[in-house]
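Working notes, beginning with the structure itself.
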Amino acid sequence: MRHIAIVGSGPAGYYTAEAALKQWGDEVHVDIFDTLPVPFGLIRTGVAPDHQSIKAVARRYENTALTRNVRFVGNVMLGRDLSVAELRELYDAVVLATGAPSDRKLGLPGEDLPGVFGSAAFVGWYNGHPQFAGLHPPVGHDTAVIVGNGNVALDVARILAKSEDELAGSDIVAHALATLHESKVRRIVILGRRGPHQIAMTPKELGELAKLERAHPVVDAADLPPADADGALDTGLRKSLGLLRAFAGNRNPRADDVTVEFDFFAAPRAILGDGQVEGVEVERTRLENGKAVGTGETYRIPAGLVIACIGYQTSPIPEVPYDDEGGRFANSEGRIAPGLYCVGWARRGPTGTIGTNRPDGFAIVEKIAADIPGDSGKPGRPGFDALAEARGIQVVRFTDWQKIDEAEVAAARDGAPREKFVEVGKMIEATGRA
Ligand code: NAP
């Protein structure tokens, strides 16, 4: 029997478990740990609430979770409840699948002013992550600025721009829906420090902006390179450019629309405000060898809310070597130290789609199989259970999660798939074991 601990129950964690089952069948026990009492990580708290079809992938993870050899071990935090060293004593292999849940910093003056958020915090807020449920983003000003030209910037812009009706079928949490109902934001400015050819937005996500009920995208045609330059781009980016060109051609917006304005060649230089954010100072840029270089021309965008969607980083764990520059665990193809591995965003940084994590999971299991060819005699599950009991750790199992799930589905407002619990205590209460 091989004993594998996976830390993190998001896509990378469950794909790794699936791969371990394929590799060893009944000869493996996999325990999937999570800090929260609820599984699926990014699927629950990262994927946009109006992208329910993407969230449906959780059903595949559920199949893995319900096999006899896989356990969900929720409400257990590495570094608080037990250490990495202890986990390594108990299991043949410990795989860190903790994702990249922390915001990268802009590194600008004023960034700590109230009203400035990173996307992990802001997305976590509207998705009901307990850590960010109390965020209270200010929505009383007519302008919000989003920094970054990736898909998360699009998610955030879309959620801010949608009407209440458009959010009805989503699982956005009640506190966010109530705040957005009060929102005075009519202008959403998306700052890209480089140009249209350098965006990291994909066409499906960009195209959604054109279908909004009461909002429309705005692109300044002067920012677009000559159309024949698009030919050299890869297919996805070429499609995205086609969309930006169509946005630039739309000159007849309805007067009361919310605008989603693309401000390209625009690098934020300072967040302005006295006691709370009042605007952003921006420097016009030009491209030099693919890099954004300041031109010296600056301007100010008055705004009451700033959200930096500039990428994420893995949260460090005591005792685990960390690559500061890459914002992930220091590793060689997923190997950190004997018996200690990482996978997914914790291995390679926050890039790619959810599906990219599947081959990642299979690759790490191949490495574990090569490194640990036989039974190493470690205690595995019974060893952890004894330690959890001795420490009074209140472990939440997958069957407990199913009760939480049922309660969330039962509490859904009309047309919505669920109303999430946003407090750990309430989640545990719903298991009936509080
Ligand atoms: P991302 O794709 O890496 O985009 C980050 C953006 O921030 C880039 O445009 C980058 O510009 C900009 N940026 C970085 N540092 C900056 C700074 N200091 N000042 C100004 N701009 C800065 O990251 P993401 O949007 O967080 O997405 C993470 C991953 O999740 C991606 O793989 C994404 O495709 C995926 N995702 C997918 C979906 C979906 O499929 N529906 C939804 C959400 C996220 P430069 O290029 O100039 O560095």
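As the structure lists them, so they are numbered: ligands from 1, and atoms in each ligand from 1.
Shortest contact from atom 29 (C) of ligand 1 to any protein heavy atom: P350 O, 3.6 Å. Of the protein's non-hydrogen atoms, G150 CA, 3.6 Å is the one closest to atom 4 (O) of ligand 1. Atom 8 (C) of ligand 1 has its closest protein heavy atom at N149 N, 3.9 Å. When hydrogens are left out, the protein atom nearest atom 12 (C) of ligand 1 is G148 CA, 3.9 Å; that is the closest non-hydrogen contact.
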List the steps and the verdict of side-chain contact (heavy atoms from CB on, under 4.5 Å) for D263 and Y299. CA-CA 12 Å; D263 192 357; Y299 56 98; 2.7 Å; yes

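Side-chain N or O atoms of E182 include none that pairs as donor or acceptor with a backbone N or O of T179 at under 3.5 Å. The closest donor-acceptor contact from the side chain of T295 to the backbone of R284 lies under 3.5 Å.
Within a 6.0 Å radius of NZ in K367, other residues, nucleotides and ligands contribute more than 12 heavy atoms.
Here atom 36 (N) of ligand 1 lies nearest to N151 when heavy atoms of T353, N151, V123 are compared. Scanning V147, L108, I54 for the heavy atom closest to atom 20 (C) of ligand 1 points to V147. For atom 43 (C) of ligand 1, the nearest non-hydrogen atom from the set D103, D155, L106 belongs to D155. If you check each of H51, R193, K291 against atom 11 (O) of ligand 1, the one with the closest non-hydrogen atom is R193.
Interface of R194 with ligand 1, defined as ligand atoms under 4.0 Å from a residue heavy atom, comprises 45 (P), 46 (O), 47 (O). Atoms of ligand 1 found under 4.0 Å from any heavy atom of T351 (numbered from 1 in listed order, with element): 32 (O). Of all atoms in ligand 1, listed by their number and element, those nearer than 4.0 Å to a heavy atom of C309 are 5 (C), 6 (C), 7 (O). Every atom of ligand 1 is numbered from 1 in the order shown, and the set under 4.0 Å from a heavy atom of V152 is 24 (P), 25 (O), 26 (O), 27 (O), 43 (C), 44 (C). Residue E205 approaches ligand 1 through these ligand atoms, each under 4.0 Å from one of its heavy atoms: 39 (C), 40 (O), 41 (N). Here is the list of ligand 1 atoms found below 4.0 Å of a heavy atom in A200: 2 (O). Using a 4.0 Å cut-off to heavy atoms of G311, the atoms of ligand 1 that qualify are 26 (O). Listed by atom number, the atoms of ligand 1 under 4.0 Å from G352 heavy atoms are 32 (O), 35 (C).
Contact annotation for I310 and ligand 1: heavy atoms of both the backbone and the side chain come within less than 4.0 Å of the ligand.
Distance check for atom 40 (O) of ligand 1: a protein heavy atom is found below 4.0 Å.
For Y61 and Y15, the ring centers sit closer than 6.0 Å to each other.
Every residue was checked against the salt bridge (Lys or Arg N to Asp or Glu O under 4.0 Å) condition with D92, not counting sequence neighbours, and none meets it.
Considering all non-hydrogen atoms of both residues, L160 and A144 come closest at CD1-CB, 4.2 Å.
Using a cutoff of 4.0 Å between basic side-chain nitrogens and carboxylate oxygens, E62 and R60 are not scored as salt-bridged. We find that E281 and R300 are joined by a salt bridge, their nearest charged nitrogen and carboxylate oxygen being less than 4.0 Å apart. Look at R214 and E166 and you find no salt bridge, because none of the NZ, NE, NH1 or NH2 atoms lies under 4.0 Å from a carboxylate O.
Annotation: T202 places no N or O atom under 3.5 Å from an N or O atom of ligand 1; distance criterion only.
The one candidate from I190, L244, D220 that meets the side chain to side chain contact (heavy atoms under 4.5 Å, CB included) condition with F264 is L244.
Here F40 contributes atom CZ and R59 contributes atom CZ; the two are 11.0 Å apart, rounded to the nearest 0.5 Å.
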